Structures are given as structure tokens and as C-alpha cells.
Amino acid sequence: MDYIALEEIDSTNNYAKVNIDDFADKTVIHARRQTSGRGRLTRSWVDLGEGNLFMSIVLKPSDIFNEIYPNITQYLSVALCKVLESYGLTPQIKWPNDVLINGKKIAGILSESVMQGGKFKGLVVGIGVNLNAKQAVVDLVPDKLVTALNLEFGKNIDLNEFRTQLVDEFFKNYDKFLENGFEMIKQDYINRNCFLNKELNVQIFNNIETGLAKSVDDSGALVLQTQNNKELVLTIGDIL
Ligand code: BTN
């Protein structure tokens, strides 16, 4: 596994995508500061100050895109939960891959596939984890309830130690996950969910669907039962 350490970058995902030819499979790119972090659905990811985690992992599992690759974000959300649990906390997953503690978002995951001339070059899986932030700063993040590990754990967090723990947990079962797909982690994922059996509003691009979260299927999709008793199987979207 290669490791690239950057002092400051606009976005570790952008950097990984632009330079993907230079990186081997399983390269970890870490930046101490990120000036234009990107989130899902065109949102931004704010740098909450020194000591937070901004990292992208370059993955080149094959030359052809496989339908299980989008599930890598769910696999990473479970790996992150396991690391957070080692700090004595009880994280929960909000479909598809947000990780929350006490209902507040602590991390965000953004996976992008890189194509060039119609050819699949690889995946860039980015993760931001709030590890060390001041309460006054997280309170300023618009739209969402946000927290940081130091605020939940009660002590400052060692960034390098946390990054190593997370990378080790990610790669521990990654090769097996590529063979088996979402089913391999389905129980671990569902055990940590905070959305099943709840009435949800789910944003899919410019559309909002409302319904009861019935289940997560074997491919990681969210099964929503709408008010007119239709079953929607969602593979993308954002629970509001
Ligand atoms: C989200 O919850 O919307 C996803 C946020 C992903 C943020 C991480 S930080 C490291 C990597 N670089 C980026 O620009 N984004 C991801």
C-alpha cells in the first residue's frame, strides 16, 4: 500500500482523480488541510481546522467497472463504525454511507469512478472524519447537525493513529469484499442503521420521495414503501 502525505490541497478526491495514472492500486492520499472539499450531491465538505481527517483511497480493482463498486462506500462506513466503536462510542449509519454519533454527522464519504476515453481507470473513495473540532465551529456548519470525535470522546484525537486504524480496518477485509459484495457486510451494516422502519424523505436529484424504510436489499439498495403502497428500490439518494 502506497501512502502520499500532502500539507494542503483543494480536495484529496480531485488530486487523486487528476493524477490517477501515477498511483498504484490501494494508494492512500492524506492532506492536513483541504481548501475546497467536495461532498455528495454537489455539496461542499468544510475543513473544521487542524487535526481533522481528509483522505482519499485510490482503488484499481479491475479494468472493467463492476456493479459492487458503489457499495465500497457502505463497506467503508462499516469499517469506520468499527474504529469508532473501539473508542467506546455507538455510531450509526444513515443510508447510504453517512456515519452519525448521537444523531449528529461525524463523517462523510464520497466515491467517484474515474473514466478516460470510455475506459474505467479506477475509483477514488474519499472520506472526511471530524476528529478534532471546537463546539463553536461545528455549530456553524449549515443544514446538518454535526459533531466531532473529540467532542464525543472527551479528549483530543491523534490524527495519525486514527488514520492508521481506519486504513487497516478498511484493507482487512477489502479483497474478500470484492469477491462477495454487499451481502458480506449486510448484517454489520443493518445492525448499525438508524433509518429502518422510519418515515423518510429521500432526495433523488431534484425529486423527493416519501415513504417507510422497509429494508436494505442484498445489493445495498434502500427499499421504501410509499404512501400509495408502491415499493421503491433506491440505489442513490440522500435521506433528508
Ligand atoms: C458527504 O458527506 O457529502 C461526503 C463528504 C466527503 C468529504 C471527503 S474529505 C476527503 C475527500 N475529498 C473531498 O473533496 N471530499 C472527500
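Predicted, not measured: the structure shown is a model, and the values here were computed from it. One-based numbering, in listed order, for ligands and for the atoms of each. One is the number of the first residue; the rest follow in order along the sequence.
Between Arg32 and Asp47 there is no salt bridge, since no side-chain N of the basic residue sits under 4.0 Å from a carboxylate O of the acidic one. Ion pairing of Asp21 with Lys121 is present here, as a side-chain N (NZ or NE/NH1/NH2) and a carboxylate O approach within less than 4.0 Å. Classification of Asp188 and Lys82 as a salt-bridged pair holds, one side-chain N sitting under 4.0 Å from a carboxylate O. At a threshold of 4.0 Å, the pair Glu231-Lys214 does not count as salt-bridged, since none of the basic side-chain nitrogens sits closer than that to a carboxylate oxygen. Here Asp168 does not pair with Lys172 in a salt bridge; the nearest charged N to carboxylate O distance is not below 4.0 Å.
Ile106 has its side chain within reach of Leu149: a pair of non-hydrogen atoms, C-beta onward, lies under 4.5 Å apart. Looking only at side-chain heavy atoms (C-beta outward), Pro91 and Val99 come within less than 4.5 Å of each other.
Considering only non-hydrogen protein atoms, atom 9 (S) of ligand 1 sits nearest to Gln34 NE2, 3.4 Å. At the top of the distance list for atom 1 (C) of ligand 1, counting protein heavy atoms only, stands Arg40 N, 3.5 Å.
Heavy-atom contacts of Met55 reach the following atoms of ligand 1: 10 (C) (cutoff under 4.0 Å). Close approach to Trp45 involves these atoms of ligand 1, each under 4.0 Å from a residue heavy atom: 2 (O), 5 (C), 7 (C), 9 (S). Close contacts of ligand 1 with Gly37, meaning ligand atoms under 4.0 Å from a residue heavy atom, involve 14 (O). Short contacts between ligand 1 and Arg38, defined as distances under 4.0 Å to a heavy atom of the residue, involve ligand atoms 5 (C), 6 (C), 7 (C), 13 (C), 14 (O), 15 (N), 16 (C). If you number the atoms of ligand 1 from 1 as listed, the ones under 4.0 Å from a heavy atom of Gly39 come out as 1 (C), 3 (O), 4 (C), 5 (C). Atom numbering of ligand 1 starts at 1 in the shown order; those under 4.0 Å from a heavy atom of Thr12 are 10 (C), 11 (C), 12 (N).
Close N/O approach between Ser56 and ligand 1 is not found [any backbone or side-chain N/O within under 3.5 Å].
If you look at Ile109 next to ligand 1, the close heavy atoms, those under 4.0 Å, all belong to the backbone. Contacts of Lys105 with ligand 1, taken as heavy-atom pairs under 4.0 Å, involve the side chain alone. When non-hydrogen atoms are compared, ligand 1 lies under 4.0 Å from the backbone of Ile127 (N, CA, C, O) but not from its side chain.
Aromatic pair Tyr69/Phe120: ring centres closer than 6.0 Å.
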